[in-house]
Amino acid sequence: MNLHQKVAEALNKQINNELHASYTYLAMAAYFEGQDLPGFASWFRGHSAEEGTHAMRIFDFIAKRGGRIELEGINKPQTDYASPVDVLEQSLAQEKTVTGQINALFELAHEVKEYSTQNMLNWFLAEQIEEEDLFSTILDKARAASDDRWNLLLLDKELAQRGEA
Ligand code: FEO
């Protein structure tokens, strides 16, 4: 069965959303490089790469279903942040936005009886639970560290050891 047109359009939009998330996390990595917090920077760089894999999962799905892939421009991400806590608050908010986008996609796929799209999206629904949990854990730690340089360096070391998100 051909991929439903409306679903194909929404999936293309989600490729863009995931790439925008990837680009935003890269901007956050750049912010942390500027703050001399290389552990945070590498953690965000890893997460940026992970968002790229999310985009490609959808890209591959559209291709396999014989749909048309149409890439759009990626908006410029925010490049300046008030503090590490500000970055973590914004990244958690972004994950919540993505969860809303995946839920809306699932609802559309359900409406038009796109069963295999729903099956593909199940992976994303589970992933979003993990992502929100992960980001809120790091946000808690950043809040606890606050603006104290020594605490931030300790958290930076922990994030460096975690490696890729
Ligand atoms: Fe692809 Fe972090 O959501």
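In each ligand, atom 1 is the first atom listed, and ligand 1 is the first ligand listed. In this chain, numbering begins with 1 at the start of the sequence shown.
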- Donor-acceptor pair, side chain of Asn12 and main chain of Ala8, under 3.5 angstrom: yes
- Of all N, O or S atoms in Glu131, which has the smallest distance to atom 2 (Fe) of ligand 1?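 Nearest to atom 2 (Fe) of ligand 1 within Glu131's N, O and S set: OE1.
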- Metal proximity, Glu51 vs atom 1 (Fe) of ligand 1, N/O/S cut-off 2.8 Å: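 So Glu51 does bind atom 1 (Fe) of ligand 1 by this criterion.
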- Are His110 and Tyr115 close enough that their ring centres sit under 6.0 Å apart?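 No, they do not, as the ring centres are separated by 6.0 Å or more.
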- By atom name, which N, O or S atom belonging to Glu18 lies closest to atom 1 (Fe) of ligand 1? OE1
- By atom name, which N, O or S atom belonging to His54 lies closest to atom 1 (Fe) of ligand 1? ND1
- Message: Parallel, tilted or perpendicular, judged at 30° and 60°: which one describes the rings of Phe44 and Tyr25?
- Response: tilted
- Item | Carboxylate-amine/guanidinium proximity below 4.0 Å for Arg45 and Glu33 |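 The answer is yes: the pair qualifies as a salt bridge.
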